[in-house]
2 protein chains.
Amino acid sequence: MPTLILDKRTQLIETALSLFYERGIHAVGINEVLKTSGIAKKTLYSYFSSKEELIAATVEYRSRLFLNWLQSQIAEVDPGRASIERIFSSLDDWINERVELLSPFKGCFFINTSAEYNRHDCNIYGQCRTHKQQVCELLLQQCRIIQSEEKAAQSLNTSLSLLVEGAIVRAHVMGDKQAAQQAWTTAQVLIAAP
Amino acid sequence: MPTLILDKRTQLIETALSLFYERGIHAVGINEVLKTSGIAKKTLYSYFSSKEELIAATVEYRSRLFLNWLQSQIAEVDPGRASIERIFSSLDDWINERVELLSPFKGCFFINTSAEYNRHDCNIYGQCRTHKQQVCELLLQQCRIIQSEEKAAQSLNTSLSLLVEGAIVRAHVMGDKQAAQQAWTTAQVLIAAP
DNA sequence: ACACAAGTAGACAGGTTGGTCTATGTGTTG
DNA sequence: CAACACATAGACCAACCTGTCTACTTGTGT
């Protein structure tokens, strides 16, 4: 039964994600993932050839989860300015743990993972980079709508991306739970600027 | 000879910092710090009662190093706008590895460390938070000079802090080496805004 | 010359790691 | 019922972890 096969695999990934996100990847051993999920070691190693592979699958899973969630948020409002506002308000929801899917808030999983895996030839690091680029691309689409000139759109995109990343970091490291709101206040100035 | 005593201690901290910053804290064992520094295990445990204590000392050391460096950069120019510009250009120097003292660039040590130690009752996490607040305070002093109204100064301060943190993250995770320059371009809009 | 402080080298203990492997159970299918 | 794929439990291995401890070396001050 293929659904059952996927279930075990998914259970492992979800358990691993939850533990990795909460405490960091190196701090969590395979045995703890197994004990928490109630799955046998042999089963894990039938789906993943190593811990590294489980990590890669976990990062991939989180990336899809996050992008799908963000996209669904944008889909609820008009493209352009309203979507950008929604991105910041969604960020606020995430930071203040109003999104069950992403709770509890422990900063950005990809920033955190990049801290532990930052060698340029490491593909986990590459996955983190790709994820951030995808989020950035999503934002760029909205910038293009309110800035017809491509150069201006890209410039706005970068500025807004800086604010988004900054908000996540301030919220996590400094405990600034209003970071996303302040980021949006700042963003409005940039959008209004000539 | 007290200077010699300090030397061994400092050597350990500097070696640990270099390894921790490059590869993450959990990924580096005590034995590797010892082998790299050429110092005996017994000596380490005469200065620090545990790895945790060495980590704490390492975070403290990096915090002082970074703050002193940043302060010395600001001291070279006029207070106010020029100092803020200098902060962003120093950030650019750091990211692009023109500051030997801080090389090689591997993102922010405190963001990275927060990813591995994020429990609220963990004092290492507290150290990271304190460091960020100190950097922010340094920036606030400059904001106060160009914004006489306290509320406006704080608002500008937060906005600039978001850009600074965002630049560090974009540079590290996305490999955007121009992040600091773009952050400054954005900052100028905010400083000029009414 | 001798005591002493501070260093080195590294064995060792007890625990954890990632990963392999054997033995056993279970549920579906022919 | 028999065969099969898939699961579990957990022993086991070699490597590594933090931290302790013994034994030896060095340099300095009196």
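None of the values given here were measured: they were computed from a predicted structure. To find a chain, count down the sequence lines: A is the first, B the second, and so on, and within it residues start at 1.
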Spacing between [X] atom [atom1] and [N] atom [atom2], to the nearest angstrom:
| X | N | atom1 | atom2 | answer |
| --- | --- | --- | --- | --- |
| Asp7(B) | dT26(D) | CG | P | 20 Å |
| Gln11(A) | dC6(D) | CD | P | 16 Å |
| Glu53(A) | dG19(C) | CD | C1' | 13 Å |
| Tyr45(A) | dA9(D) | OH | C1' | 16 Å |
| Leu44(B) | dG10(C) | CG | C1' | 15 Å |
| Arg9(A) | dA7(D) | CZ | P | 12 Å |
| Ile30(A) | dT20(C) | CD1 | C1' | 13 Å |
| Lys41(B) | dT22(D) | NZ | C1' | 14 Å |

Just grab all the salt bridge (Lys or Arg N to Asp or Glu O under 4.0 Å) pairs involving [range], residues at least two apart or on different chains.
| range | answer |
| --- | --- |
| residues 97-111 of chain B | Asp92(B)-Arg98(B), Asp93(B)-Arg98(B) |
| residues 26-38 of chain B | Arg23(B)-Glu32(B) |
| residues 116-130 of chain B | Arg119(B)-Asp121(B) |
| residues 145-161 of chain B | Arg144(B)-Glu150(B) |

Students often get this wrong, so: under 4.0 angstrom with heavy atoms, is Ser50(B) touching a base, only sugar-phosphate, or nothing?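 Sugar-phosphate: the residue Ser50(B), judged by heavy atoms under 4.0 Å, touches backbone atoms but no base.
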Sorted by first residue and then second, give each ring-ring contact (aromatic ring centres under 6.0 Å, His included) pair with at least one member in residues 81-102 of chain A; sequence neighbours left out. Phe66(A)-Trp94(A), Phe88(A)-Trp184(A), Trp94(A)-Phe105(A)
Between [X] and [N], is there a side-chain N or O to OP1/OP2 distance below 4.0 Å?
| X | N | value |
| --- | --- | --- |
| Lys42(A) | dT8(D) | no |
| Thr43(A) | dC6(D) | no |
| Tyr47(B) | dG7(C) | yes |

Using a 4.0 Å cut-off on heavy atoms, which residues in residues 13-25 of chain A reach DNA chain C? List them by number, or say none. none
Those residues that, when tested against Phe110(A), pass ring-ring contact (aromatic ring centres under 6.0 Å, His included) (two or more places apart):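 Phe110(A) satisfies ring-ring contact (aromatic ring centres under 6.0 Å, His included) with His131(A) only.
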DNA chain D contacts made by residues 31-39 of chain A, counting heavy atoms under 4.0 Å: Gly38(A), Ile39(A)
Validation row: Ser83(A), Gln141(A) side chains within 4.5 angstrom (heavy atoms):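 SC-SC contact between Ser83(A) and Gln141(A) ruled out.
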Can you pull out every side-chain hydrogen bond (donor to acceptor under 3.5 Å, both in side chains) where at least one residue sits in residues 36-46 of chain B? Sequence neighbours excluded, please.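 Non-adjacent pairs meeting side-chain hydrogen bond (donor to acceptor under 3.5 Å, both in side chains): Asn31(B)-Lys41(B).
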Can you work out whether Ala27(A) or Ser49(A) has the more 5'-proximal nearest nucleotide on DNA chain C? Ala27(A)
Side chain to side chain contact (heavy atoms under 4.5 Å, CB included) for Thr185(A) and Thr158(B)? Distances and angles first, verdict last. CA-CA 11 Å; Thr185(A) 302; Thr158(B) 305; over 6 Å; no
